[in-house]
Amino acid sequence: MELQKNKIAMVSPSLNAYSETFIQAQKKGLQGEIFYYYGGILPLYLEGFGKLLKRSISWSVRIKRILGFKKFSANETAFIHSLKKNKIQVVLAHYGDTGNRIISICKHVNIPLITHFHGYDASVDVVIKSCNHYKEVFAYSTYIIAVSLAMQKRLIGLGCPKEKVIYNPYGPDNSFLALNPQFSETTFIGLGRFVNKKAPYYTIMAFKQLVAGYPNAKLVIGGQGELYETCKNLVRYHKLEDQVLLPGVLTREDFLKYLEKGLAFVQHSVTALNGDQEGTPVAILEASATGLPVIATIHAGIPDVIIDGETGFLVPEHDVEAMAKKMRILLEDKALALELGQKGKERIHSHFTIEKHLKAINELIEKVIGNNE
């Protein structure tokens, strides 16, 4: 007789955001039947089903409101109906504000909740305040997942019981570990959304300090976002169009091609003025997994992954000259780049695999469902 699969609701604002590779990995890799709800911090859609709110539910809620019963909105009621219909056993909420929004629903249906924090949700002041400092999230969630040691400390500082916070960093897709870079080009590679906390303009400014002495060096930063046009203008102003490429969103295959030939991965993450910080950047895990050295900042979960002077280089936030100096070192010492990259690959293989990441979540889900039966 076939064992019944665990019925897991994953709830996240977006369906297929290009930067959320960690969610796609969980959708494919978690053990059980996955019901993926999306469309806002209160989900409006179920993948493979479509819109949750049907006309019959809307009319039912209207009638109840006329009669004085108005605990849940029509969209909340639609989500409740779907959870019950699909016999969901546990909800995995991606992002703290998502978890905060659906707590009343989980309580109503008596479904346990695991809340998975990622970055902005544990660092942006206005988000934390709007969620009442996550008091209800910490109280109701059986487990809280933090993707960096800094985030784990931050959540405990906000009031989460220490025993509930599980440190579980992401892992790169195995296709990155399978790659062996050739170091055939003097190209620095970056990847990520063009947003304030990733500060791509600092990476461009650091590279600008190198170009006079290294005319064959190149910089490629993949991604899109609110700062994309600003960075294009910066490249144009410094007449770097032939050496700095901003190709937009890269597929995994295109990213792997750049990594295979490149010299190093670069990312100058900073804490934004609104408090926004990284979790543990997946692109850094991916690049290090291939065997490229990483030059990045001492920021959030980056020092958990990159060991300064051993698997790459770490510089202070906003220190453009320090980043340029580290880039110059690798341009002049390819053997060092190879050594740092190989040690990085070994570290990822030992500590940050996707299998380890998924195993930890699967174990939490099993515990939650077992304790709720």
Side-chain angles (χ1 to χ4, degrees), residues 18-19 181-273 276 278 281 283-284 286-287 290 292-299 302 306 312-334 336-337 340-341:
Y18 78 88
S19 60
Q182 303 303 306
F183 292 90
S184 57
E185 298 177 357
T186 51
T187 301
F188 295 96
I189 302 139
L191 181 74
R193 290 174 297 128
F194 280 62
V195 294
N196 289 322
K197 67 182 174 183
K198 292 187 183 290
Y201 50 86
Y202 275 153
T203 303
I204 295 169
M205 290 166 64
F207 182 79
K208 169 66 173 62
Q209 296 190 18
L210 305 175
V211 292
Y214 304 92
N216 293 325
K218 292 187 182 298
L219 171 66
V220 178
I221 308 178
Q224 277 282 359
E226 62 199 50
L227 296 178
Y228 183 77
E229 186 173 345
T230 299
C231 289
K232 291 282 282 188
N233 289 338
L234 185 62
V235 170
R236 186 179 299 113
Y237 176 79
H238 288 297
K239 298 181 172 55
L240 295 172
E241 293 95 328
D242 293 335
Q243 291 176 282
V244 177
L245 306 177
L246 306 179
V249 176
L250 295 177
T251 64
R252 178 186 296 172
E253 291 72 23
D254 288 338
F255 186 36
L256 283 165
K257 287 177 182 178
Y258 280 118
L259 294 174
E260 184 177 21
K261 297 178 180 180
L263 178 66
F265 184 88
V266 288
Q267 183 164 317
H268 199 115
S269 296
V270 300
T271 301
L273 290 178
D276 194 9
E278 303 272 16
I284 283 178
E286 292 171 341
T290 65
L292 278 191
V294 172
I295 304 172
T297 46
I298 304 166
H299 172 90
I302 295 174
I306 305 303
F313 294 119
L314 297 177
V315 303
E317 294 184 22
H318 308 285
D319 195 337
V320 172
E321 289 192 1
M323 174 162 273
K325 183 183 292 186
K326 300 304 183 183
M327 294 168 78
R328 186 177 293 110
I329 288 172
L330 295 186
L331 281 169
E332 295 177 351
D333 194 342
K334 184 177 177 180
L336 178 60
L340 296 175

Student: Do you know which two heavy atoms are closest between Phe265 and Ala283, and how far apart they sit?
Tutor: CZ-CB, 3.7 Å
Student: How far does CG of Leu245 sit from OG1 of Thr187, to the nearest 0.5 angstrom?
Tutor: 8.0 Å
Student: To the nearest 0.5 Å, how far apart are CD in Glu260 and CD in Gln182?
Tutor: 5.5 Å
Student: For Met323 and Ala206, which heavy atoms make the closest approach, and how far apart are they?
Tutor: CG-CB, 3.8 Å
Student: Could you verify whether a donor N or O on one side chain and an acceptor N or O on the other, from Glu185 and Tyr258, lie under 3.5 Å apart?
Tutor: no
Student: For a 4.5 angstrom cut-off between non-hydrogen side-chain atoms, does Leu259 reach Pro181?
Tutor: no
Student: Check the angle between the aromatic planes of His268 and His318 and answer parallel, tilted or perpendicular using the 30° and 60° thresholds.
Tutor: tilted
Student: Nearest 0.5 Å, what's the CD1-CD1 distance between Ile221 and Ile189?
Tutor: 11.0 Å
Student: Taking all non-hydrogen atoms of both residues, which atom of Leu250 and which atom of Asp254 are closest, and how far apart?
Tutor: CD2-CB, 4.2 Å
Student: So, is the end of the Lys334 side chain (NZ or CZ) under 6.0 Å from the ring centre of Phe183 and within 45° of the ring's axis?
Tutor: no
Student: State, yes or no, whether a side-chain contact exists between Asp276 and Val195 at a heavy-atom distance under 4.5 Å.
Tutor: no
Student: Could you tell me whether the side chain of Thr297 reaches within less than 4.5 Å of the side chain of Tyr202, counting heavy atoms only?
Tutor: no
Student: Run through His299, Glu278, Lys197, Glu317 and flag the one making a side-chain hydrogen bond (donor to acceptor under 3.5 Å, both in side chains) with Ser269.
Tutor: Glu278
Student: Find the distance between CG (Asn196) and CD (Glu226) and round it off to the nearest 0.5 Å.
Tutor: 5.0 Å
Student: Are the side chains of Met327 and Ile295 in contact, using a 4.5 Å heavy-atom criterion?
Tutor: yes
Student: Mind listing the closest non-hydrogen atom pair of Pro293 and Leu330 along with its distance?
Tutor: CG-CD1, 3.8 Å
Student: Evaluate whether atom CD of Glu229 has more than 12 neighbouring non-hydrogen atoms of other residues, nucleotides or ligands under 6.0 angstrom away.
Tutor: no
Student: Could you tell me which non-hydrogen atom of Leu331 sits nearest to which non-hydrogen atom of Ala217, and how far apart they are?
Tutor: CD2-CB, 4.2 Å
Student: Backbone N or O of Val235 within a donor-acceptor pair of the Lys208 side chain at under 3.5 Å?
Tutor: no
Student: Locate the shortest heavy-atom distance separating Ala287 from Val294; write the atom from each residue and the value.
Tutor: CB-CG2, 4.4 Å
Student: Between Gln267 and Lys198 (side chain of the first, backbone of the second, donor and acceptor by atom type, cut-off under 3.5 Å), is there such a pair?
Tutor: no
Student: How long is the gap from NZ on Lys325 to CZ on Phe313, to the nearest 0.5 Å?
Tutor: 11.5 Å
Student: Report yes if some heavy atom in the side chain of Phe207 is under 4.5 Å from a heavy atom in the side chain of Val211; otherwise report no.
Tutor: yes
Student: Using a 4.5 Å cut-off on heavy atoms from C-beta on, say whether the side chain of Phe194 contacts that of Leu246.
Tutor: yes
Student: What is the distance from atom CG of Leu191 to atom CD1 of Ile284, rounded to the nearest 0.5 Å?
Tutor: 10.5 Å
